[in-house]
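Here the structure is a predicted model, which means the values were calculated and not measured.
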Amino acid sequence: MPSLISEIAPASPAEALQHFSRRLAFETDCSDVHQSQTAGNVDYVLVDVRSHDAFLAAHVPGAINIPTRTMSEQRMADYAPDTLFVVYCAGPHCNGVHRAAVRLAGLGFAVKEMIGGLTGWVDEGLPLQGGSNETAGTGFACEC
């Protein structure tokens, strides 16, 4: 009797290669963002898509705040068309990051999600910037 894992046959290695390669085109993680910041190799704009108040309470160092609802053609006109945006929200429990990615892609920008958001950042043991200095990976306001 097959396990719950093998009950549905896995994809072929070729299909898995294609799938996971595609995911990397859409995602990055907290560790890679932190490593690129530490190395001074920042060729993207890191964007916290939550509300201004939530951003002030705690955010990833180096991030700017552009709430999703403010991402208009006019607001984003300050950025070159080839700008790569890396967006994050409170954590995996919120789809605000996906709404922001849709908005930016719709405006013609390249975009990746920083998977895990603030929750993932804290889970990695990385420092936050802002007024609250939260250290637990829970309780981050989204307000997106």
May I have the list of side-chain donor-acceptor pairs in residues 101-118 shorter than 3.5 Å, sequence neighbours left out?
from   : atom 1 : to    : atom 2 : distance (Å)
Arg103 : NH1    : Thr68 : O      : 2.8
Lys112 : NZ     : Leu24 : O      : 3.0
Glu113 : OE1    : His98 : NE2    : 3.3

So, do Phe55 and Ile64 sit near enough that their side-chain heavy atoms are less than 4.5 Å apart? no
Check: Met76 and Ile66 side chains under 4.5 Å, non-hydrogen atoms: yes
Might you point out which heavy atoms bring [X] and [Y] nearest each other, and give the distance in Å?
X      : Y      : value
Ser3   : Ser6   : OG-N, 3.1 Å
Ala16  : Ala11  : N-CB, 4.3 Å
Arg50  : Ala90  : CD-N, 3.6 Å
Gly62  : Gln129 : N-OE1, 3.9 Å
Ala100 : Val49  : CB-CG1, 3.5 Å
Ser21  : Leu17  : OG-O, 2.7 Å

At what distance, to the nearest 0.5 angstrom, does [atom1] of [X] lie from [atom2] of [Y]?
X      : Y     : atom1 : atom2 : value
His59  : His52 : NE2   : NE2   : 10.0 Å
His19  : Ser12 : NE2   : OG    : 12.0 Å
Phe85  : Tyr79 : CZ    : OH    : 5.5 Å
Leu126 : Ser31 : CG    : OG    : 7.0 Å

Linked, directly or transitively: Val33 and Val47 (ILVMFWY side chains, under 4.5 Å): no
Establish whether Leu46 and Met71 are linked, either directly or via other cluster members, by ILVMFWY side-chain heavy-atom contacts under 4.5 Å. no
Residue Glu124 excluded, over 12 heavy atoms near CD under 6.0 Å: yes
For Leu4, the hydrophobic cluster (side chain heavy atoms closer than 4.5 Å, chained through members) also holds none
Do any N or O atoms from the side chain of Asn65 and from the backbone of Asp48 form a donor-acceptor pair under 3.5 angstrom? yes
Would you sort out whether Tyr44 and Ser36 count as a side-chain hydrogen bond (donor to acceptor under 3.5 Å, both in side chains), showing the intermediate values? CA-CA 10 Å; Tyr44 55 89; Ser36 73; 2.6 Å; yes
